[in-house]
Amino acid sequence: MVASRNNRHSKKAFAEFMMNRRRMLALGGMAAGAGTLAACGGNTGREEGGDGVSLSQWYHEYGEAGTQEAAKGYAADYPDANVTVEWIPGDYDAALASGLLTDDGPDVFESHLNRGMVEAGQIVPLDDLIADVIDDIPEGDLRRNTIDGTVYGINMIDDPQYVVYRPSLFEAAGITAPPTTFEELIDIAIELTNDDVKGIDFGAAGGTDRLGQHMINSLGLSFIGEDMQAGFNDPRMAEGAELVKRLNDSNALLLGAPTDWWDPSSMIQGLTAMSWTGLWTMPALQENLGDDIGIFPCPGFVGGTPTVYNGGWATFVNANGKHVEEAKAFTKWLWVDNTEAILDWCLSYGFHIPSRLSLREQADQLTSGPAAEAVAISEEYGWADNPDWTPAMNTAVNDMLSNIALEGNDPEAELAKAVETVNTELDGIFG
């Protein structure tokens with residue numbers, strides 16, 4: 001993220017914007033995995049730095065123009081080692097899971113914390129790196145990167161996800177305000193649907209791959225309860241799932257779009273009046289739609305509150321790397337001390353919220369308009385990943401919603417099945 005994000009989003013770039021973006025609820029799972037590593041090499045081209053130490057740093061394939069060049073630029077600026085940047089296309093999680101099991105894995109990499117990574121001895125504690133700035137790190141970012149009181153990751157970016165809409169289309173239909181309940185969202189989406197425009201784009205899965213998690217938070221439930229059992233065994237979950245079914249049974253969802261929800265093309269091309277998205281798309285939307293942009297959080301389910309998923313990526317150090325201490329030193333230099341690079345990474349290519357409180361005060365691009373509103377709703381309604389929530393648990397909730405909304409299965413039975421799967425996982429972890 002070296003050059004200005006704002007001047008890089010040409011219409012051609014929009015067509016390619018975030019071609020392989022992985023802004024899902026990807027939750028690590030690095031203890032095991034398969035798949036061949038297909039990496040685009042990113043050697044900085046420098047001679048060996050410092051005392052001859054070479055480090056490998058891995059990123060998933062960001063879609064914003066200029067990000068790969070920026071990552072290489074940061075690496076080239078580091079004086080104490082030769083850092084090679086690897087840009088991993090395709091299934092990054094599978095490639096990383098495989099790479100961490102070999103001698104050729106990364107020294108430093110981005111991911112999402114998962115207890116399996118800790119129990120497999122794949123990552124090292126980073127408490128010492130952030131000791132001097134711990135009060136400057138948002139509580140949610142600390143929580144999502146901490147297991148059993150130890151910090152293993154340092155958030156690089158915070159990415160709130162929400163619904164973006166076209167105020168002009170709302171006004172033309174006589175709709176005076178965005179919805180605050182999911183029932184209202186469905187009604188508005190149906191009203192805005194015509195032969196040329198769909199009411200809303202929730203992605204290829206019709207929202208079944210994320211709305212279950214929002215439902216849990218909206219209803220004031222928890223993914224994992226204090227008794228270390230599923231915390232969402234509540235009949236309102238079944239009621240909420242039936243609302244998602246109603247939306248999927250309507251003609252209001254945009255399905256089969258050229259790109260998925262993480263890409264703003266559907267909104268830019270006028271295919272939909274509303275779309276699930278993230279803050280990283282804001283510069284592209286503003287350049288193409290001007291002031292005709294509004295945002296709102298995921299509406300509340302069954303009397304619950306609105307929610308915003310605060311996603312993002314964190315950096316980790318491979319415990320089995322050849323140069324662990326040197327890798328930690330590089331990580332501190334880039335993601336703790338190098339505030340100029342952190343701000344550049346967050347603001348120069350599609351917007352992200354800096355994961356340092358003091359840097360948020362310097363993020364002028366996020367202080368006005370819909371970008372400022374995104375920051376505000378992320379603080380008011382935001383929730384983040386629980387590192388004890390495993391990919392299998394996540395799949396159980398997604399399958400529950402998909403089986404109800406798309407297959408028409410019995411809601412109570414599917415809820416019971418998801419609860420059982422999560423409890424089995426938790427019993428295996430915590431006994």
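For the numbers below, each heavy atom of this structure counts, side chains included, while hydrogens, waters and symmetry mates do not.
Between the side chains of Asp136 and Ser358, at least one donor-acceptor pair of N or O atoms lies under 3.5 Å. The closest side-chain donor-acceptor pair between Thr331 and Trp333, if any, does not fall under 3.5 angstrom. For Glu110 and Thr315, the side-chain atoms include no donor-acceptor pair closer than 3.5 Å. For the 3.5 Å distance criterion, the side chains of Asn394 and Trp389 qualify, holding a donor opposite an acceptor. Side-chain atoms of Asp263 and Ser265 form a donor-acceptor pair, as typed in the model, at a separation below 3.5 Å. Between the side chains of Gln229 and Asp427, at least one donor-acceptor pair of N or O atoms lies under 3.5 Å. For the 3.5 Å distance criterion, the side chains of Thr180 and Glu184 qualify, holding a donor opposite an acceptor. Side-chain atoms of Tyr78 and Gln57 include no donor-acceptor pair closer than 3.5 Å.
Distance check, rounded to the nearest 0.5 Å: CD1 of Ile147 to CD of Glu119 gives 7.5 Å. In this structure, NE2 in His214 is found 12.5 Å from CG in Leu219, a value given to the nearest 0.5 Å. Annotation: the span from Leu289 atom CG to Met267 atom CE amounts to 6.0 Å, rounded to 0.5 Å. Note: Asp234 CG to Ile216 CD1 = 10.5 Å, rounded to the nearest 0.5 Å. Atom SG of Cys298 is separated from atom CG of Leu211 by 5.5 Å, given to the nearest 0.5 angstrom. In this structure, the separation between CD on Glu326 and CG on Leu55 is 7.0 Å, given to the nearest 0.5 Å.
Here the side chains of Val419 and Asn423 are in contact, with some heavy-atom distance below 4.5 Å. Counting only heavy atoms from C-beta outward, the side chains of Asn398 and Thr208 never approach each other to under 4.5 Å. For the pair Cys346/Pro354, a side-chain contact is recorded, criterion being any heavy-atom separation below 4.5 Å from C-beta on. Residues Leu357 and Glu361 have side chains not in contact (no heavy-atom distance under 4.5 Å, counting atoms from C-beta outward). Between Tyr74 and Asn338, the closest side-chain pair of non-hydrogen atoms is not below 4.5 Å. With contacts defined as side-chain heavy-atom distances shorter than 4.5 Å, the pair Phe316/Val124 does not qualify. Residues Ile353 and Arg360 form a side-chain contact, since some pair of their non-hydrogen atoms from C-beta on lies under 4.5 Å apart. Inter-residue side-chain proximity for Ser266 and Leu254 is flagged as met; some heavy-atom pair is nearer than 4.5 Å.
By the 30° and 60° cut-offs, the orientation of the rings of Tyr62 relative to Trp313 is tilted. Relative ring orientation between Tyr59 and Trp87 is described as tilted, the plane-to-plane angle lying within the 30° to 60° band.
A side-chain contact (heavy atoms from CB on, under 4.5 Å) with Ile123 is found for one member of Val317, Val118, Asn318 and no other, namely Val118.
Annotation: cation-pi pair Arg356/Trp335 absent, no NZ/CZ under 6.0 Å from the ring centroid and within 45° of its normal.
Scanning for ring-ring contact (aromatic ring centres under 6.0 Å, His included) contacts around Phe202 gives Trp276, with sequence neighbours left out. Legend: residues meeting ring-ring contact (aromatic ring centres under 6.0 Å, His included) with Tyr152, ordered by chain and number and at least two apart, are absent. When the side-chain contact (heavy atoms from CB on, under 4.5 Å) test is applied to Glu414, the partners found at least two apart in sequence or on another chain are Met400, Asn403, Ile404, Asn409, Lys417.
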Open item on the list: With salt bridge (Lys or Arg N to Asp or Glu O under 4.0 Å) as the criterion, how do Lys332 and Asp337 come out once you've worked through the C-alpha distance, each side chain's angles and the decisive distance to 0.1 Å?
Closed with: CA-CA 6 Å; Lys332 185 176 187 298; Asp337 298 335; 3.0 Å; yes
Task: Step-by-step salt bridge (Lys or Arg N to Asp or Glu O under 4.0 Å) determination, Arg144 to Asp141 - done: CA-CA 5 Å; Arg144 78 174 81 185; Asp141 286 352; 3.2 Å; yes
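A distance-only check finds a donor-acceptor pair linking the side chain of Thr390 to the backbone of Met393 [under 3.5 Å].
Between Phe296 and Tyr165, the distance from one ring center to the other falls under 6.0 angstrom. Trp383 has its ring centre less than 6.0 Å from the ring centre of Tyr309.
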